[in-house]
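Encoded as structure tokens, the structure appears first; notes follow it.
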Amino acid sequence: MKAVYFAWVRERIGLSEEEIAPPREVATVRELIDWLSARGDGYAAAFANPGVIRAAVDKIHAGPNAPIDAAREIAFFPPMTGG
Amino acid sequence: MKAVYFAWVRERIGLSEEEIAPPREVATVRELIDWLSARGDGYAAAFANPGVIRAAVDKIHAGPNAPIDAAREIAFFPPMTGG
Amino acid sequence: MSAPQPAPTVRVQAEDFDAAREEALLLEGRRDVGALVAFTGLCRDEDGALAALELEHYPGMAEAEIARVAAEALARWPLLGLTIVHRFGTIKPGERIVLVLAAARSRRDAFAAAEFLMDYLKTRAPFWKKERRADAAPGEWVAAKTEDDAAAERWR
Amino acid sequence: MSAPQPAPTVRVQAEDFDAAREEALLLEGRRDVGALVAFTGLCRDEDGALAALELEHYPGMAEAEIARVAAEALARWPLLGLTIVHRFGTIKPGERIVLVLAAARSRRDAFAAAEFLMDYLKTRAPFWKKERRADAAPGEWVAAKTEDDAAAERWR
């Protein structure tokens with residue numbers, strides 16, 4: 001699946017997108033955040049405070065318990081500041 | 001003093017404005033309405049339901065008990081429907 | 001330090017207005033406005049029954065009363081600009097009747113002020129609408145709506 | 001008989017927009033609109049501290065999420081027209097960021113829908129603002145405001 005990052009999540013990770021292949025037991029958005037956090041310092045910094053991280057699964061807002069098994073694209077970003 | 005009339009008050013009275021000289025004991029907007037009502041059928045029709053009549057003294061909204069002794073121009077009209 | 005209150009623009013006129021031009025005038029040279037709310041009131045055709053509205057007004061008082069309502073809005077909300085244009089005379093379906101522009105730092109203030117102004121104009125500005133019917137039958141004076149009074153009361 | 005829901009116009013673009021043109025398109029040929037509310041969000045200079053905002057967005061999701069919010073507004077209020085334009089990229093003080101147009105028979109519906117849309121766009125549309133400072137110091141990402149969440153919560 002594809003992971004995409006925006007705003008300071010993108011800056012801290014140092015990538016705007018990448019292909020990822022989490023193991024089968026990583027089943028939810030929250031579990032994916034934990035799995036990504038272990039990939040390096042940038043990821044750990046980006047996800048240090050998971051409570052402020054927002055996610056979208058296939059371009060629809062998704063909560064921490066949303067399943068990711070059917071996802072093609074998962075996005076992580078800070079709270080939105082548009083408008 | 002000058003009396004000015006708008007909308008259906010004007011149509012029923014048949015005048016848009018006129019000079020009036022009410023006697024000294026006609027001291028308030030409400031008393032002026034009563035005095036005008038006695039001047040003819042058109043006036044009586046215009047003021048038949050005094051509760052819906054709005055008034056302005058020198059171009060400022062005025063209630064039925066507002067004094068008229070210092071007024072130069074008194075206006076009578078139905079509830080407003082602008083905007 | 002709070003900025004001085006802006007002078008509102010108030011006009012009562014027979015001619016149509018250009019909302020884009022009024023907006024440009026209000027925003028000209030400004031970089032502190034974050035929110036601009038523009039309300040335009042238009043003449044509806046009432047499913048084809050209406051040929052036109054005849055808007056009667058009280059010259060002199062109309063301008064003065066709108067200015068009083070504008071001053072009240074400026075006292076209530078920290079506005080950076082305020083424009084009100086109200087037409088009179090013959091107005092056909094699809095044509096504009098009234099424009100309110102409220103500029104502020106934040107959207108909450110701009111929205112509240114614009115809505116307040118419309119509620120108050122409806123019940124306090126000396127304008128009266130008479131319907132000219134499409135079937136040439138005698139037109140009626142538009143009746144004031146109780147809901148408009150209720151809307152204005154909300155702000156007390 | 002209630003009219004069919006209009007198709008909202010939703011655009012996400014780098015270019016500036018022309019509010020007057022969007023209004024003309026929305027009102028074209030209509031005689032049933034009584035109230036048009038236009039909200040324009042602009043970039044403030046924050047007392048000279050800001051050189052520009054860099055607006056990042058999530059292409060594809062931005063359009064889809066705005067369309068979802070628009071559909072929610074159309075389901076809640078009897079709107080006759082709805083246009084939302086949101087810009088991304090570099091936006092300087094005094095320049096426009098977002099436009100919401102809501103047309104309805106009555107002003108209450110047009111005001112409520114426009115305010116609802118702005119409250120929801122702020123908290124749901126995937127856009128992020130980074131400040132470019134006038135003094136060339138490193139700019140910060142704009143923090144989401146708790147009050148924006150509270151504003152969006154009002155509508156639940």
Side-chain angles (χ1 to χ4, degrees), chain B residues 1-20 28-30 32-33 36-37 41-83, chain C residues 12 39-44 53-69 72 84-89 91 96-100 114-131 138-152:
Chain B
M1 68 182 65
K2 187 159 87 169
V4 296
Y5 311 117
F6 293 98
W8 52 254
V9 173
R10 171 179 57 70
E11 288 182 341
R12 290 180 192 175
I13 291 174
L15 289 171
S16 58
E17 60 175 78
E18 63 181 323
E19 281 298 321
I20 56 171
T28 66
V29 164
R30 180 58 193 264
L32 183 58
I33 287 176
L36 285 166
S37 296
D41 288 351
Y43 294 90
F47 296 118
N49 183 0
V52 303
I53 297 295
R54 302 287 182 270
V57 171
D58 292 329
K59 300 182 175 169
I60 295 178
H61 288 298
N65 299 319
I68 61 166
D69 54 315
R72 283 159 300 161
E73 181 173 301
I74 301 190
F76 294 101
F77 41 80
M80 289 139 284
T81 54
Chain C
V12 172
F39 176 87
T40 306
L42 299 117
C43 177
R44 295 191 303 247
L53 286 175
E54 301 291 347
L55 256 104
E56 183 169 334
H57 78 301
Y58 184 176
M61 181 171 168
E63 294 84 347
E65 189 63 25
I66 294 174
R68 284 190 281 272
V69 176
E72 213 164 307
I84 304 165
V85 184
H86 203 305
R87 294 178 65 197
F88 60 85
I91 296 180
R96 285 171 281 266
I97 300 171
V98 62
L99 174 71
V100 167
E115 205 166 358
F116 165 88
L117 282 160
M118 283 309 304
D119 286 348
Y120 264 52
L121 288 183
K122 287 257 173 194
T123 55
R124 280 178 36 181
F127 290 83
W128 302 271
K129 292 184 183 122
K130 190 172 194 175
E131 297 182 341
E140 297 287 330
W141 289 96
V142 172
K145 288 186 200 147
T146 327
E147 68 192 63
D148 285 333
D149 285 331

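When reading the values below, keep in mind they use all heavy atoms of this one structure, side chains included, and skip hydrogens, waters and symmetry mates. So you know, we letter chains A, B, ... as the sequences are listed, proteins then strands, and number each from 1.
The backbone N or O of B:W8 lies less than 3.5 Å from no partner atom in the side chain of C:K130, so there is not a single donor-acceptor pair.
For chain C, no part of B:V52 is nearby; none of its heavy atoms comes within less than 4.5 Å. Only the backbone of C:A143 comes within contact range of chain B, with heavy atoms under 4.5 Å apart.
The heavy-atom pair separating C:M61 from B:A56 by the smallest distance is SD-CB, 3.5 Å.
Counting non-hydrogen atoms of other residues, nucleotides and ligands closer than 6.0 Å to CZ of C:R68 gives a total above 12. Within a 6.0 Å sphere centred on CD of C:E140, other residues, nucleotides and ligands contribute 12 heavy atoms or fewer.
Note: C:R124 leads C:R87, C:M118, C:R124 in heavy-atom pairs under 4.5 Å with chain B.
Across C:K129, C:E56, C:K145, a single residue satisfies side-chain contact (heavy atoms from CB on, under 4.5 Å) together with B:T81, and that is C:K129. Applying the ring-ring contact (aromatic ring centres under 6.0 Å, His included) test between B:F77 and each of C:W128, C:F127, C:W141 identifies C:W128 as the sole match.
Judged as a ring-ring contact (aromatic ring centres under 6.0 Å, His included), and not counting sequence neighbours, B:Y43 has no contacts.
Counting only residues at least two apart or in different chains, ring pair (Phe, Tyr, Trp, His ring centres under 6.0 Å) contacts with residues 49-69 of chain B are absent.
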